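As the structure is a prediction and not an experimental result, all values here were calculated from the model. Chain A is the first sequence line, chain B the second, and so forth, proteins listed ahead of strands; every chain is numbered from 1.
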Amino acid sequence: MATSAVHWTVNSSDTKRPIFFSPSFRQIAPKKFNISCRSAKSPPKSPPDLAEPAAATTKKTKNKDPSLSLSEQLRPLTTTTLSDPPPPKDQSQLISKPKSIWVNPAKPKRSVLSLQRQKRSLYSYNPQVRDLRGFAHKLNDCDATKVAFLAVLEEIPHPPTRENALLILNSLKPWQKTHMFFNWVKSQNLFPMETIFYNVTMKSLRFGRQFQLIEELAEEMIRDDIELDNITYSTIITCAKRSKLFDKAVEWFERMYKTGLMPDEVTYSAILDVYAKLGKVEEVLSLYERGRASGWKPDPIAFAVLGKMFGEAGDYDGIRYVLQEMAALGVEPNLVVYNTLLEAMGKAGKPGLARSLFEEMVEAGLTPNEKTLTALVKIYGKARWARDALELWERMRSNKWPMDFILYNTLLNMCADLGLEDEAKKLFDDMKQSEHCRPDSWSYTAMLNIYGSGGKVDEAMELFEEMSELGIELNVMGCTCLIQGLGKAKRFGDMVRVFGVAVEKGVKPDDRLCGCLLSVVSLCEETEDEDRVLSCLQQANPKLVTLVKVLQNKNIGFDTIKDEFRDVIGSTAVESRRPFCNCLIDICRNKNNHERAHELLYLGTLYGLYPGLHNKTAREWCLDVRSLSIGAAHTALEEWMGTLYKIVQREEALPEMFSAQTGSGTHKFSQGLSHSFGSHVKKLAAPFRQSEEKAGCFVATREDLVSWAQSQAPSSAITTA
DNA sequence: GTAGGGTTAG
């Protein structure tokens, strides 16, 4: 056994423990990463080797036997992590030595990263800096053709010595210019091209996402025996990452190890981010730990990477782990870390904790920036925390915290989420008067959302005209909001016109827009209007129109309906399936075609569009219609009453309580499902009454229900399936 | 845009 190998496993007999095995870590170990599953009992058969420990005197360290790639090295870890048996129960040592550090002078552990960050060379002052900068600007401004560039190069004010060339190279902006200048300097053969020239050029190429060129330069360095250092590798890796070429990023990291170069913390956190972006949480954590075991004290950037990763996974335990690690290591979170963690808290669905974290940040003396506030506003909006959102807005204004147009738009979206029409209008006007935050397509969309759902059709149409005048693009969501508002106001003519303009301008109708058009169909009273709306829908989704027509043909049998329905729903985006079914039911009910409505509800249930519609416990049966349209909710109620009637007739067991949930419609613009459902209960003379404690909840006892059923004539009017 | 790493919108 290679005892000098990097620690793959935790030996329960070890007296020295890495800090990450502290009890606090165990309490909050992130999901899917149970370190305790690793045991010394079954280490990999041939523990892989990484590099030698860094020698204090050398800048970089070579690996004597770099035979295994990183992924090969990681594989045993990831395959054993989940399959190994849990460790022995005796954890008393862990608890008694939470702060011990993974360093045993008698048996030094292999390092996975160099603790010394690569030093940069120092610049000496160049007295010609002004001339050279000016010249670089000339090169930046000239035509990007080779001819034009070479013509300007003739005017170089001082000879292109190493220092002069480097200064110019550093001042060039578009990657094409940097690349041309680099090639020119190389062709002059005045001095050997050192690593720094490649690094500067690569950085510029990275701005242009020119990964292929960067890779060519790297290969050229290898060919010409020019050293690739940590700066070279981190630039290559991050360029690949930003171009979403993750396999390339990993490949170059592995190549680096194979040449024996140790990553420093910059390269190391770059690769952590690569694995994080790939969603490889276990790999990231094993790299993190092994870095920690090498004596690395991660900096805020590394923690931002971890925080982002856990946020993307919605993993709240992971977020707590990051906070805990920072506290244990005495690393103060900076603004970016706070921003990342706030965002992560939002994604993990923890608005209250996000709020506390924000207050902690402000108390620590940090000033929130646009990104901080955007994250928080979004969280409050999604949580429907109107009071917190408005208080925050007030604080933003009084503290003069920074605003940008993304924050403005997020505030507008928050207003739409909360139905804050006046506030939205004020924000929108602020934007119009501002210099740098003029309303864009997003802002208009948010306003169309607010006006469309708030029934302010004239205001919405005014914005629509304004957009045309200002040349602001109407996107599919704005179009949907507008059509929704116009449909509700029964302004079918305007609706058809808006749809036509939108399609003409390139809006591609999606399933949400089709669902919206379908809901407008359900609102039509005149055949003429219905035909106009259907003709729009015909352009967007002809199969859906066919289904609407088939449903209205009473001669067509259930099996055909079922086939057509399955066909349409199967090719519909998942989030639009239930709305489609709801609208189809509404359309049938409006045409007094109740039988079809019941068939559709049956089909919707059959294909899983209404999960959780019925909830049964021994004590209570509940009908939850909160995600149903009015027509669908009525249909479901009728269906339920029919079923309950039969159960009573058959004298089967019944619970004590029955309830129907419609929701109370906290949203200002909600349709009043509760009210309409209540009317339908009355119409059916169903024994439910509105609960006094809970709005949007209708309740009945077993006795109510039994006496109701007994009072019904056997040929009850209630439709039963 | 200091030769290299991390954060904002349906």
Which of these nucleotides, [options], is closest to any side-chain atom of [X]?
X: A:Lys371; options: B:dA3, B:dT7, B:dG5; result: B:dT7
X: A:Ala270; options: B:dG1, B:dG5, B:dA9; result: B:dG5
X: A:Arg120; options: B:dA9, B:dG10, B:dA3; result: B:dA3
X: A:Thr340; options: B:dG6, B:dG10, B:dT7; result: B:dT7
X: A:Lys382; options: B:dA3, B:dG10, B:dG6; result: B:dG10
X: A:Asn170; options: B:dA3, B:dA9, B:dG6; result: B:dA3
X: A:Glu343; options: B:dG6, B:dA9, B:dA3; result: B:dA9
X: A:Asn339; options: B:dA9, B:dA3, B:dT7; result: B:dT7
X: A:Val266; options: B:dA9, B:dA3, B:dG5; result: B:dG5
X: A:Phe405; options: B:dG1, B:dG6, B:dA9; result: B:dA9

Checking all strands, does [X] fall into the base, sugar-phosphate, or nothing category for heavy-atom contacts under 4.0 angstrom?
X: A:Val336; value: base
X: A:Asn475; value: base
X: A:Ser269; value: base
X: A:Asn230; value: base
X: A:Thr267; value: base
X: A:Tyr408; value: nothing
X: A:Ser121; value: base
X: A:Thr372; value: nothing

Using only side-chain N and O atoms of [X], determine if any of them is under 4.0 Å from OP1 or OP2 of [N].
X: A:Arg206; N: B:dG5; answer: yes
X: A:Lys347; N: B:dA9; answer: no
X: A:Asn369; N: B:dT7; answer: no
X: A:Lys378; N: B:dG10; answer: yes
X: A:Lys241; N: B:dG6; answer: yes

Between [atom2] of [N] and [atom1] of [X], the distance in whole Å:
X: A:Leu166; N: B:dA3; atom1: CG; atom2: C1'; answer: 8 Å
X: A:Met361; N: B:dT7; atom1: CE; atom2: P; answer: 17 Å
X: A:Met309; N: B:dT7; atom1: CE; atom2: P; answer: 13 Å
X: A:Leu306; N: B:dT7; atom1: CG; atom2: P; answer: 12 Å
X: A:Arg162; N: B:dA3; atom1: CZ; atom2: C1'; answer: 11 Å
X: A:Phe207; N: B:dA3; atom1: CZ; atom2: P; answer: 12 Å
X: A:His179; N: B:dG1; atom1: NE2; atom2: C1'; answer: 18 Å
X: A:Tyr233; N: B:dG5; atom1: OH; atom2: C1'; answer: 17 Å

Electrostatic pair [X]:[Y] at N-O distance under 4.0 angstrom:
X: A:Lys371; Y: A:Glu343; value: no
X: A:Lys426; Y: A:Glu421; value: no
X: A:Lys241; Y: A:Glu251; value: no
X: A:Asp224; Y: A:Lys186; value: no

- Query: B:dT7 and B:dG1: how far apart are their P atoms, nearest whole angstrom?
  - Reply: 15 Å
- Task: Pick the P atom in B:dG6 and in B:dG10, then give their distance to the nearest Å.
- Result: 22 Å
- Query: Of A:Trp296, A:Tyr233, A:Tyr288, which meets ring-ring contact (aromatic ring centres under 6.0 Å, His included) against A:Tyr268?
  - Reply: A:Trp296
- Message: Measuring centre to centre across the rings, with the benzene-like ring taken for any Trp, is A:Tyr444 within less than 6.0 Å of A:Phe428?
- Response: yes
I'd like to know if [X] reaches the base of [N] with its side chain, counting only an N/O donor and acceptor under 3.5 Å.
X: A:Asp299; N: B:dG5; value: yes
X: A:Arg117; N: B:dG5; value: yes
X: A:Asn449; N: B:dG10; value: no

- Annotated structure of DNA chain B as dot-bracket, pair cut-off 3.5 Å, Watson-Crick or G-U only, | for inter-strand, is ..........
- Item | Intermediate values then yes/no, side chain to side chain contact (heavy atoms under 4.5 Å, CB included), A:Tyr257 and A:Arg255 | CA-CA 5 Å; A:Tyr257 265 112; A:Arg255 283 177 79 165; over 6 Å; no
- Message: Which heavy atom of A:Asn140 sits nearest to which heavy atom of A:Pro174, and what is that distance?
- Response: OD1-CD, 3.6 Å
- Query: Taking only residues two or more places apart in sequence or in another chain, which ones pass ring-ring contact (aromatic ring centres under 6.0 Å, His included) with A:Phe191?
  - Reply: A:Phe197
- Task: Mark this stacking check for A:Trp442 against B:dG10 as yes or no, applying ring centres under 5.5 Å and ring planes under 30°.
- Result: yes
- Query: Distance under 6.0 Å and angle within 45° of the ring axis: does A:Lys280 meet both against A:Tyr275?
  - Reply: no
